[in-house]
Amino acid sequence: IPPARRPHACWMDSQDNIWVFGGQGNYVNYGYFNDLWKYDISTGMWTWMSGDSIAHAITSQMVGVYGTQCVADIANIPPSRFEHRARWIDKCDNLWFFGGETSVSPGQMLYNDLWRYSTRDNNWKWVSGANIPNTTAVWGTKGVFNPANIPPPMEGANPYITSDALWLLGGADWRTYGSPFNPFQYFTMALWKYIPDTVTADFTWTGGTCSAVTFIDQSDPNCGDIQYWQWNFGDPGSGVNNTSTLQNPSHTFSSSGTYNVTLTIASCFDIVDFIIKQVTVSAGTLTLGMSSTDAICGSNNGSVTVNVT
């Protein structure tokens, strides 16, 4: 069972599992957590999924493992924090959160990092923002998207989600004057929109002789994830086998010829991309070989061997 804590991030996935990350411990476990827990409603059991098993003390900097931006890794883990109320869940049951605070003597540390946790692969991905606290925002031009824009470090922002974007509104924005450990607090009503990366469909294949072809997905999720794969082999003669939802399917074509094969993919925010490639299937060649032995009168009738390849 998780230790007691206050303002943490929580989610409910499509299977009605409850997820809890981080928070500030009570007087027994005083400090800040970076642990991730899953509660299975059907069994009534908790599972510790990621992070440290102890609360980190407030007298030392909370160190996480950011890894490489946009690269998921089982070793990645966000720094301990609380008040990271801006959290979302996408159509792949990925868990997202932004920002939060850690109080480190003699002041506060606020984050503007954006994280994604894959419930399917059990790994964290640092998606956006700085990998150190108390950094400067890049506001850009109001209403104009720019990959360089980044919200200020903040806590307690209000989250919203649409089919193609993550939104956050308000929160406590800390802007420093002089020492970063003596910040002057602002409460903001700024509205920010994060547009997830698009996905790029691509594939290659092996085979093509005697109709059997193995397809290999080479799509690029960029800084996102792929929700599904839909294949159409352009071979109506194969009936119900003309389509597949596997990532790397095999298909036996109904006859030799050239086929337009389509791969359609979607991100976890329903951003769709597709690609069409021509695949030529040949019937192969038939080789007939024959060997014989002579008959010997009275003892051996001889033999004929036919080899087909």
Side-chain angles (χ1 to χ4, degrees), residues 1-67 71-104 108-129 131 133 154-161 166 168 171 224-225 227 268:
I1 187 168
R5 64 194 67 201
R6 73 184 187 96
H8 51 270
C10 60
W11 306 261
M12 178 176 282
D13 65 26
S14 62
Q15 304 301 312
D16 293 335
N17 298 306
I18 296 172
W19 298 77
V20 173
F21 171 77
Q24 183 184 43
N26 61 11
Y27 65 92
V28 176
N29 294 290
Y30 195 63
Y32 301 92
F33 293 101
N34 66 354
D35 52 348
L36 179 69
W37 289 80
K38 174 185 176 182
Y39 180 74
D40 188 325
I41 292 180
S42 65
T43 63
M45 297 180 63
W46 284 98
T47 304
W48 173 32
M49 301 297 295
S50 175
D52 299 325
S53 61
I54 59 172
H56 293 280
I58 64 173
T59 56
S60 61
Q61 183 170 337
M62 306 299 106
V63 178
V65 179
Y66 280 81
V71 178
D73 195 305
I74 192 67
N76 292 347
I77 183 68
S80 304
R81 65 191 71 198
F82 78 120
E83 284 286 1
H84 45 301
R85 301 174 189 241
R87 73 284 185 273
W88 310 264
I89 188 165
D90 64 29
K91 292 190 176 181
C92 297
D93 278 343
N94 292 320
L95 315 179
W96 296 72
F97 78 84
F98 172 85
E101 176 194 347
T102 297
S103 295
V104 177
Q108 290 76 27
M109 299 169 61
L110 268 81
Y111 297 92
N112 66 351
D113 48 357
L114 178 66
W115 286 85
R116 186 282 283 150
Y117 176 81
S118 170
T119 59
R120 176 179 58 191
D121 300 325
N122 190 33
N123 57 42
W124 286 100
K125 180 193 295 183
W126 167 40
V127 177
S128 179
N131 60 358
M154 67 174 76
E155 61 177 343
N158 294 297
Y160 306 90
I161 189 169
L166 307 177
L168 58 91
D225 295 280
Q227 179 183 173
C268 299

Participant: CE/Met49 to CG/Asn122 distance, rounded to the nearest 0.5 angstrom?
Facilitator: 4.5 Å
Participant: For residues Cys10 and Trp37, determine if any side-chain heavy atom of one lies less than 4.5 Å from a side-chain heavy atom of the other.
Facilitator: no
Participant: Using a 4.5 Å cut-off on heavy atoms from C-beta on, say whether the side chain of Asn76 contacts that of Trp126.
Facilitator: no
Participant: Just by modelled atom types, is the Ser80 backbone N or O under 3.5 Å from a matching donor or acceptor in the Thr102 side chain?
Facilitator: yes
Participant: Can we call the ring centroids of Phe97 and Trp19 under 6.0 Å apart?
Facilitator: no
Participant: If every non-hydrogen atom of His84 is compared with every non-hydrogen atom of Phe21, which pair is closest and at what distance?
Facilitator: NE2-O, 2.9 Å
Participant: May I ask you to decide if Asp93's main-chain N or O and Asp13's side chain share a donor-acceptor pair within less than 3.5 Å?
Facilitator: no
Participant: For the pair Arg116 and Asp225, find out whether any cationic side-chain nitrogen is under 4.0 Å from an anionic carboxylate oxygen.
Facilitator: yes
Participant: Nearest 0.5 Å, please: how far is CG in Asp40 from CD in Gln15?
Facilitator: 9.5 Å
Participant: Would you confirm whether Asp121, through its side chain, and Asn123, through its main-chain N or O, come within 3.5 Å as a donor-acceptor pair?
Facilitator: no
Participant: Could you walk me through whether Phe98 and Asn112 pass side-chain contact (heavy atoms from CB on, under 4.5 Å), step by step?
Facilitator: CA-CA 6 Å; Phe98 172 85; Asn112 66 351; 3.8 Å; yes
Participant: For the side chain of Asp52 and the backbone of Asn34, is there at least one donor-acceptor N/O pair under 3.5 Å apart?
Facilitator: no
Participant: In the structure I gave you, are the side-chain heavy atoms of Leu168 and Met154 within less than 4.5 Å of one another anywhere?
Facilitator: yes
Participant: So which atom in Glu101 and which in Leu110 form the shortest heavy-atom distance, rounded to 0.1 Å?
Facilitator: CG-CD1, 3.8 Å
Participant: Within a strict 4.5 Å, meaning less than it, do heavy atoms of the Pro7 and Arg85 side chains meet?
Facilitator: yes
Participant: Report the C-alpha distance between Asn17 and Thr119 in whole Å, list the side-chain angles of each, state the deciding distance to 0.1 Å, and finish with yes or no for side-chain contact (heavy atoms from CB on, under 4.5 Å).
Facilitator: CA-CA 10 Å; Asn17 298 306; Thr119 59; over 6 Å; no
Participant: Taking the side chain as every heavy atom from C-beta outward, state whether Trp96 and Asp90 have any atom pair closer than 4.5 Å.
Facilitator: yes
Participant: What distance do Cys268 atom SG and Gln227 atom CD have between them, rounded to the nearest 0.5 Å?
Facilitator: 6.0 Å
Participant: Testing the basics here: between Ile161 and Ile89, what is the closest heavy-atom pair and its distance to 0.1 Å?
Facilitator: CD1-O, 3.4 Å
Participant: With no hydrogens and no angle check, just 3.5 Å: does a side-chain donor-acceptor pair link Trp48 and Ser53?
Facilitator: no
Participant: State which residue, out of Asp113, Asp73, Asn131, fulfils the side chain to side chain donor-acceptor pair (under 3.5 Å) condition with Tyr66.
Facilitator: Asp113
Participant: Measuring from Lys125:NZ to Trp115:CH2, what's the distance to the nearest 0.5 Å?
Facilitator: 11.5 Å
Participant: When the ring centroid of His8 is compared with that of Phe33, is the distance short of 6.0 Å?
Facilitator: no
Participant: Can you check whether Gly22's main-chain N or O pairs, donor with acceptor, with Arg5's side chain at less than 3.5 Å?
Facilitator: yes
